[in-house]
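Taking it in order: structure first as structure tokens, then the write-up.
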Amino acid sequence: MGTSERPPPRPGDTGGGNVAVLVEEDRISVAPQWKLMWWRFRKHKVAVSAGFVIAAFYLVALLANFFAYSDPDDSRPAQSFIPPSPIQWFAEDGTFGPYVHPLVGERDFETFKKVWEADETVSIPIQLFARGYEYKLLGLFDTDIHLIGVPEGYESESTIFLLGTDNFGRDIFSRLVLATRTSLTIGLVGVFLSLVLGVTLGGISGYYGGVPDSIIQRIIEILRSVPVIPLWLGIAAALPLTWSPTRIYFSITIIISLIGWTTLGREVRGRFLQLRHEDFIMAARLCGARDGRIIRVHMVPLLTSHIIAATTLAVPLMIIAETSLSFLGLGLRPPAISWGVMLQDAQNVQTVAQAIWMLIPVAPVILAVLAFNFLGDGVRDAADPYGG
Amino acid sequence: MTGPGGGASPTSDHGSSNILEVRNLKKHFPIRVGFANRVKGHVRAVDGISFDVRQGETLALVGESGSGKTTAVRCLVRALDPTAGEIRFHTETGKWIDLSDLSRRELRPLRPQMQMVFQDPRSSLNPRMTVLDIIGEPLLLNGMNNRNDRIDRVEELLRLVRLRPEYMRRFPHAFSGGQRQRIGIARALALNPRLVIADEPVSALDVSVQAQTLNLLLELQEELGLTYIFVAHDLSVVKHISDRVAVMYVGKIVEIGERDQVFFNPKHPYTAALLNAVPRTDPRASRTRIPLRGEVADPADPPSGCYFHPRCAYAIERCGTETPVAEVVDGERRVECLRVAELELPGVTTG
């Protein structure tokens, strides 16, 4: 070997003198951590697709009112439980042009069920960027433009029912879009707070050990023994009733995150404990590095990938928590709209039997949770490009 | 230093030519139990060792795993705080300083003179840093703030350890084990240390790479006038590199002396047993086997008397009750064995 050794060719490399191989090798050799992570993540097709799904979800959340076509709070008891009615894409003469037929409800006197029939004599065209109810785009601009809508003279609230209506005659599609916003964002602050607490306290615990470690570990054990649902109930009852349901839920998530950091705290502590004894940490200390530098330069950069992965995996838990707690009536409450609140309306068998489409909010819950889990798995695998 | 064939000590007068004098060094780890962390006992990882290291020599510290070699050297560089004892270091300016009770702050200016090479080249380099940053870190922390100066010095160091300077922008994952170990050596040499402590620097490497790395260490010693403390469990490696050998067993140095004396004429039964266990290249060479029975004694609960007596082929009743003290043999050697005067032990037979 001597002065001119090259790193050993990786298995699969055939021509040793192949220039392309050498260039590729050099590219890998000088690649910093985040680049290696990105290259490995890119190979994980499922995780990449999951990333796109999540991006789409958050786009919908960001522009929720734009994607909705009916006012989600506009209740019309007369048109409750309308089944999903799709858009017609082609006119009878075969020309393209999406339209809907208006629905006419007739009471079936045998079953006393209202039956909705399309009035095929009338066609109402569907327009892109049509005017509808007024809202604030991104919370800034007043507008009434929606992605789809009906021409002036008609109301989309009484004409388009993509996913049907609920017991109050509100449009499920539009509510679902707005619920996406609530459900995907309300827990993020809590996740972030857990993250900060977990990394800080776990880091102190693992790096210094001894008495601070014992104190923090005992606190974690105590917090972990608190049953969450009764606590949730108690806080929900204790918070002032004058607050809006969203504000109450937001406060609850923050309080819950004061408990939720414990898992990450333990993980970070474990990593710090392990890293503290790594030789390169000792080498840094032996050449005079202080604690601050060791933590900042040598320890935290090795943890970021784990933290990102842990956070990605914490988000679906938060979605599930919101959905199930709201379903039980402990989380968000009407008039707030979230996936859980929408499912709460589908709580009794009678409703489900009559209007199965009330269960539609289950689909985005499953899709979002799966997407986040796949993404988290991908990030976690990519996070350790040196393993193996 | 003296060549591997030689073996004569540089000088024998005590004090003036020594770079390090360790006296009665102890490191006891408390065993804590229960909720209140009550101390139940102590693991006596290092239990009162004394030795001198001479300027320019290589002192090898050998022993089975668990004998306290690594703990001992970690105490020397104060990666661990010793429980008791003195670590007298002869500084560049000619002063003797006891490192054992200095604070971290007081140690910092002395750090450059004493550096360490680690066993596992995978865990001794930060995977998130380039070679330039790894070797440049000691320079940065010791006042070389100009990046270009650091680049020049790192280039120089990489040449010194026979690596291409162009590799300095690479990350450790791009290097083989042997190359990584050389990066570790370059980092240790960055601050021009006088004493380099190598903790099993080749035991994680392939045999072919081991020889290269050892030769590099020997060449560097000659070029830079370094002093080595070399921890090893592989006696063939020790034979190749060391001037003197200290044999450790359960936290104690049972025998210390010139390499050739220790190898060809061991005075402690444990040394003889270790030497006997070295594989030979000549299968026909006859030898009397000294089987080493049992396990290394538990440093938390060592046997009475001589720690080695339960495994010793030459143990007599007295060995179980009396604790041996270091006896000076042949001028320079110290042996902790009660029967040192009576025993005739086989050493390495072939060169």
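The chains referred to below are lettered A, B, ... by the order of the sequence lines, with proteins before strands, and numbering in each begins at 1.
- The aromatic rings of B:H28 and B:H42 lie tilted to each other, with the angle between the two planes from 30° to 60°.
- With a 4.5 Å cut-off on non-hydrogen atoms, B:R187 touches chain A through its side chain but not through its backbone.
- Of the two parts of B:N142, only the side chain, counted from C-beta on, holds a non-hydrogen atom closer than 4.5 Å to a non-hydrogen atom of chain A.
- For the options B:P109, B:S124, B:P138, B:A188, heavy-atom pairs under 4.5 Å to chain A are most numerous at B:S124.
- Ion pairing of A:E278 with B:R128 is absent here, as no side-chain N (NZ or NE/NH1/NH2) approaches a carboxylate O to less than 4.0 Å.
- In terms of heavy-atom pairs under 4.5 angstrom with chain A, the leader among B:R122, B:M114, B:M129, B:Q119 is B:M129.
- Checked by atom type, the side-chain pair B:Q210/B:H240 shows no donor-acceptor distance below 3.5 Å.
- Within the 4.5 angstrom heavy-atom criterion, no atom of B:L216 approaches chain A.
- Using cut-offs of 30° and 60° on the angle between ring planes, the pair A:F272 and A:Y207 is perpendicular.
- For B:R159, no part lies under 4.5 angstrom from a heavy atom of chain A.
- A salt bridge does not link A:D291 with A:R276: every distance from a Lys NZ or Arg NE/NH1/NH2 to an Asp or Glu carboxylate oxygen is 4.0 Å or more.
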